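This report concerns only the one structure given below.
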Amino acid sequence: MYFVTGTDTDSGKTLISAALLAKAQGHKCGFKPIASGCEMTDDGLRNRDALMLMAQSNMGLAYQEINPISFEPAIAPHIAALQVNAALSAQGVFDAMFHPAMVNADFALIEGAGGWRLPLCNGEYLSDTVKLLQTQLQQETSTYGNSVQLSHAVTKNTKIEVVLVVGMKLGCLNHALLTQEALLADGLSIAGWVANQVDADMAFIDENLQSLQHMMQAPFLGYVPHLANPTADNAVAYVQLPMSE
């Protein structure tokens, strides 16, 4: 199971998540637990990123299972929540997002929002939710051995690893290294990183890629050039799936 985070908002997390799902085989599912900037439809709030993940999933999950927490304003989720007299907590997000498919699928990923330190409320962060999930998986593994038993389902998926999307633009080296430091300090394993060129005119792209490959401590999963039509089908050839430890 993978959690996809980025160096910043608009780093390309959804594009890379959808491409990884498109490349994966077997039963697969992608989740977007928290989404802002949703559009009101006849079926309720819908988020374009969540729909993109849903299109690459094949386990028949309902939209609300993929995106359980949604807000219409395109603002920070904790601010959007407060506007509707709600509060986001790490445990609350965990309870809303967890689904047995996460541990039953052949390939499952959870796409974050913003960067690794996305604020929730009361001094908590979305990263705290990921750590809760990691702790839950570790506890269940300790109890049941090499399988996890959650919601009466037994599976071999016993850990959560992170895929980091580096939005290639000026400043990305600092953003990537700081995010890597935070991930490792939080005790998370980085399964790999993807370079996604968000600035079509970024100077010295090759030199920046070489610097990242030298400084990052996780496997390089691919470089996605700036795409005129950024779809999973157009990006899938540029990425490789992480190898679980």
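This structure is a prediction, so every number in the text was calculated from the model and none was measured.
- Checked against salt bridge (charged side-chain N to carboxylate O under 4.0 Å, His left out), Asp49 has no partners two or more places apart in sequence or in another chain.
- Here the closest heavy-atom approach between residue Ala87 and residue Cys121 is recorded as CA-SG, 3.9 Å.
- Of the possible donor and acceptor atoms, one in the side chain of Thr41 sits under 3.5 Å from a partner among the backbone N and O of Asp43.
- In this structure, CG in Asp201 is found 12.5 Å from CG in Leu170, a value given to the nearest 0.5 Å.
- The backbone N or O of Ala90 lies less than 3.5 Å from a partner atom in the side chain of Thr129, making a donor-acceptor pair.
- Within 6.0 Å of CD on Gln25 lie no more than 12 heavy atoms contributed by other residues, nucleotides or ligands.
- Distance alone, capped at 3.5 Å, places no donor-acceptor pair between the Lys32 side chain and the Ile110 backbone.
- Between Gly12 and Asn196, the shortest heavy-atom contact is CA-ND2, 3.5 Å.
- At distances below 3.5 Å, at least one donor-acceptor pair connects side-chain atoms of Thr7 with backbone N or O atoms of Gly167.
- Leu88 and Phe98 end up in the same hydrophobic cluster when Ile, Leu, Val, Met, Phe, Trp and Tyr side chains are linked at under 4.5 Å.
- Annotation: side chain of Leu164 is in contact with side chain of Met216 (closest heavy-atom distance under 4.5 Å).
- Remark: side-chain polar atoms of Asp106 are not paired, donor with acceptor, to backbone N or O of Lys28 under 3.5 angstrom.
- Relative ring orientation between Trp116 and Phe3 is described as perpendicular, the plane-to-plane angle rising above 60° on a 0-90° scale split at 30° and 60°.
- When all heavy atoms of Thr14 and Leu53 are compared, the pair lying nearest together is O-CD2, 4.2 Å.
- Distance check, rounded to the nearest 0.5 Å: CD of Glu124 to CG of Leu118 gives 12.0 Å.
- At least one donor-acceptor pair under 3.5 Å links the side chain of Gln240 to the backbone N or O of Phe220.
- Between the Tyr63 side chain and the Asn47 main chain, a donor and an acceptor come within less than 3.5 Å of each other.
- Using a 4.5 Å cut-off between side-chain heavy atoms of Ile, Leu, Val, Met, Phe, Trp and Tyr, with links allowed through other members, Val194 and Leu109 fall into the same hydrophobic cluster.
- In this structure, Asp10 CG and Leu15 CG are separated by 12.0 Å, a value rounded to the nearest 0.5 Å.
- The hydrophobic clustering, which links ILVMFWY residues whose side-chain heavy atoms are closer than 4.5 Å, places Val198 and Leu20 apart.
- A donor and an acceptor atom, one from each side chain of Gln210 and Asp206, are nowhere located under 3.5 Å apart.
- For the atom pair CG of Leu212 and CG of Leu173, the computed distance is 5.0 Å after rounding to the nearest 0.5 Å.
- Side-chain atoms of Ser36 never come within 3.5 Å of backbone atoms of Phe71 as a donor-acceptor pair (strictly under, hydrogens ignored).
- Connectivity analysis of hydrophobic side chains (ILVMFWY, heavy atoms under 4.5 Å, direct or indirect) links Tyr125 to nothing; its cluster partners are none.
- What you find for Tyr223 and Tyr238 is that their closest heavy atoms are O-CB, 3.5 Å.
- When all heavy atoms of Leu61 and Met54 are compared, the closest pair comes out as O-CE, 3.4 Å.
- Taking 4.5 Å as the limit, some side-chain heavy atom of Gln213 sits within range of a side-chain heavy atom of Trp193.
- Checking side-chain atoms of Asn234 against main-chain N and O of Val236 turns up no donor-acceptor pair under 3.5 Å.
- Checking side-chain atoms of Lys169 against main-chain N and O of Asp199 turns up no donor-acceptor pair under 3.5 Å.
- Other residues, nucleotides and ligands place more than 12 heavy atoms under 6.0 Å from the CG atom of Leu184.
- His175 NE2 to Met168 CE: the interatomic distance, rounded to the nearest 0.5 Å, is 12.5 Å.
- Contact record, Met97 with Met102: O-CE, 2.9 Å, taken as the closest heavy-atom pair.
- A distance of 8.5 Å separates CG in Asn104 from SG in Cys29, rounded to the nearest 0.5 Å.
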